[in-house]
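The next block holds one structure in the form of structure tokens; read it before the comments.
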Amino acid sequence: MEKLNMKDKKLPLGFTFSFPCHQTKLDESILVTWTKGFKSSGVEGKDVVAMIRKAIKKRGDFDIDLVAVVNDTVGTMMTCGYDDHNCEVGLIVGTGTNACYMEEMRHIDLVEGDEGRMCINMEWGAFGDDGVLNDIRTEFDREIDMGSLNPGKQLFEKMISGMYMGELVRLILVKMAKEELLFDGRLTPSLLTTGHFETGYVSAIENFARRLQKTVRKLLPDCDIRFVRSEDGSGKGAAMVTAVAYRLAAQHKARQKTLEALKLSHEQLLEVKNRMRIEMERGLSKASHPDATVKMLPTYVCATPDGTEKGDFLALDLGGTNFRVLLVRMRNGIRRGVEMHNKIYSIPQEIMQGTGEELFDHIVHCISDFLEYMGMKGVSLPLGFTFSFPCQQNNLDEGILLKWTKGFKATGCEGEDVVNLLKEAIHRREEFDLDVVAVVNDTVGTMMTCGYEDPYCEVGLIVGTGSNACYMEEMRNVELVEGEEGRMCINMEWGAFGDNGCLDDFQTEFDVAVDELSLNAGKQRFEKMISGMYLGEIVRNILIDFTKRGLLFRGRISERLKTRGIFETKFLSQIESDCLALLQVRSILQHLGLESTCDDSIIVKEVCTVVARRAAQLCGAGMAAVVDKIRENRKLDFLKVTVGVDGTLYKLHPHFSSIMHETVKQLTPKCEVTFLQSEDGSGKGAALITAVACRIREAGQR
Ligand code: ADP
Ligand code: MG
């Protein structure tokens with residue numbers, strides 16, 4: 001450093017230290033044993049990094065930043081890897097011999113973590129030290145070993161490397177001469193001197209590299225192996241590892257800083273719960289309702305099922321990925337149970353976003369097809385219409401659409417009663433008539449379906465394309481509906497939570513980007529942080545940001561990555577699935593047209609984890625507000641309640657449900673909340689509500 005006149009610079013230092021060491025991190029290296037002629041005392045078992053640092057400090061005339069200790073094999077691999085990305089093995093055949101290669105983390109028991117790869121310094125020189133090579137070793141090998149500084153050690157190395165090969169040849173020549181098989185039996189003093197036959201002479205006679213390569217290829221006919229000679233692997237390699245470590249650390253820090261904004265603390269989640277509670281009160285109260293974002297819509301469903309419901313019903317399910325028509329047969333008594341037939345119809349995008357007339361004509365066309373398919377044309381059955389969009393209801397059989405969500409946009413529907421729109425379409429067709437008894441939100445259907453099995457079920461939750469919840473509220477708190485007695489199910493429309501800006505401090509630039517590119521910008525902010533239609537998009541936006549900043553995919557943004565919607569939420573489930581190897585993550589990304597390295601896959605997986613985790617926690621915080629309100633409504637110190645849940649994200653994501661449950665538990669210590677998955681809540685639930693309504697109507701007519 002003096003010579004280069006840089007003693008005042010504190011440069012990062014990479015230290016190539018080519019002896020067997022235990023490493024628990026890059027800048028720590030405990031010497032296991034000296035090899036290759038070294039023997040200085042007081043070093044074995046010690047951290048050589050600490051020893052160097054101490055020695056530098058003792059001098060006190062310069063400083064360095066020791067970043068990495070590197071074995072020469074690793075340095076060699078890294079040096080060649082700089083030019084050839086396929087270089088994943090390093091080999092040294094010099095004074096000693098050793099090798100390293102990239103091993104899968106899941107095979108490395110000594111290091112925690114199952115993902116990605118780590119370079120393993122084999123220390124293969126010690127191969128045979130337990131006797132496994134004894135049948136191959138000759139008397140010459142034994143003699144060499146006996147005369148060495150470390151007898152019994154590095155037996156494989158002693159058959160291979162430069163420190164020993166010349167001597168090995170000399171011993172053989174001496175023996176042959178002694179037996180008069182060579183040199184006419186003459187021995188010169190030189191030949192009899194240890195170390196006088198140098199390994200260099202062997203090289204002059206023999207081509208080691210060619211023999212090595214030929215042998216490896218012969219043993220591995222199915223592998224295409226390239227040998228690349230490293231130029232000063234130990235020097236360049238150490239610098240390379242140091243540089244890579246520097247870069248990786250800086251990149252890791254940059255990524256973590258971005259992801260930090262998506263990680264919510266307990267305090268933040270409590271805050272979300274409290275704000276949800278405030279918005280709930282706003283929606284319920286008559287004075288603040290018109291401006292409330294969480295609408296808290298009365299549903300005119302006033303009781304959960306009592307299990308005696310029976311009869312045949314039709315149900316429609318509109319509001320998600322699929323439109324379905326169902327026939328539901330309910331029996332009570334000893335043969336109690338529900339039998340369902342349904343048919344799924346697609347709603348083409350141009351109809352979803354066309355005119356209202358086209359949409360409802362299409363729906364009626366599907367009903368007609370279903371009746372024909374079931375052989376029921378002409379039969380008039382009561383119908384429950386699961387319509388999973390925010391509706392203002394003044395009656396069970398009326399639903400005025402407040403606004404479309406989740407990708408629907410048909411004109412002329414907002415502000416209209418969807419039952420009327422349906423009836424008009426039925427009249428236009430002039431084919432059959434239907435008795436529409438109930439408009440049902442899917443959350444309510446879900447609550448009712450689970451309530452049919454579990455009387456504690458008084459909450460419904462959907463986490464599918466969108467997200468929403470409902471629960472049984474005290475009539476005295478439902479200011480929009482007259483009457484003080486009993487309870488009514490409230491469709492919260494919690495997806496709109498945050499639309500007044502009350503969640504702005506939780507939103508990241510990625511949420512803003514997803515919102516701005518959506519069909520309903522500025523609307524359904526909470527839903528957009530939670531549900532299936534958006535999680536993949538949030539992930540995609542983060543990946544784009546990382547790539548733009550050179551923190552992922554080697555900084556190259558593919559056309560695919562720029563495509564909206566390519567990263568479907570089902571990929572989040574697949575990528576996070578515990579049994580999935582990293583290689584499979586890579587193949588999922590490849591399927592998306594994203595060429596990724598092992599490290600890239602780990603990063604993508606982490607992004608998926610963080611985004612899904614935040615979604616589940618936010619959903620849990622909302623749910624905590626709901627169950628705690630029920631408890632307080634009833635002035636209970638402790639509430640036992642069941643939540644009926646539906647939605648593919650909740651059901652199929654490997655961690656969403658457990659994180660959500662855990663969050664609810666942490667935020668509501670005074671409640672015991674059970675979650676029950678509903679089987680087809682929108683279908684069965686609509687029929688149940690229709691059945692209850694018919695029962696009450698018949699009782700009134702009697
Ligand atoms: P909907 O909410 O439309 O009635 P679903 O409950 O089936 O219907 O939810 C569909 C949504 O679930 C899709 O929009 C998609 O985002 C998401 N999804 C589909 N498959 C998976 C999966 N394997 N894991 C997580 N989410 C999924
Ligand atoms: Mg659904």
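As the structure lists them, so they are numbered: ligands from 1, and atoms in each ligand from 1. Only a predicted model underlies this, so the values are computations on that prediction, with no experimental measurement involved.
Near Lys570, the atoms of ligand 1 lying under 4.0 angstrom from a non-hydrogen atom of the residue are 20 (N), 21 (C), 22 (C), 23 (N), 24 (N). Interface atoms of ligand 1 facing Gly532, defined by a heavy-atom separation under 4.0 Å, are 16 (O). The atoms of ligand 1 that sit less than 4.0 Å from any heavy atom of Gly464 are 2 (O), 6 (O), 9 (O), 11 (C). For ligand 1, the atoms lying closer than 4.0 Å to a non-hydrogen atom of Gly647 are 6 (O). Taking every heavy atom of Leu652 and a limit of under 4.0 angstrom, the matching atoms of ligand 1 come to 22 (C), 23 (N), 24 (N).
Under a cutoff of 6.0 Å and an axis angle of 45°, Lys629 and Tyr471 do not form a cation-pi pair. For Arg560 and Phe567, the positive end is not near the middle of the six-membered ring at less than 6.0 Å and at most 45° from its axis.
Classification of the Tyr345-Phe323 ring pair by plane angle, with boundaries at 30° and 60°, yields tilted. In this structure, Phe656 and His653 have perpendicular ring planes: the angle between them is above 60°, well past the 30° mark. In this pair, Phe360 and Phe385 present their aromatic rings perpendicular. The plane angle is above 60°, beyond the 30 to 60° band.
Glu606 has its side chain within reach of Leu259: a pair of non-hydrogen atoms, C-beta onward, lies under 4.5 Å apart.
Checking only distances, Thr648 does come within under 3.5 Å of ligand 1, N or O to N or O. Looking at Asn322 next to ligand 1, no N or O pair under 3.5 Å apart turns up.
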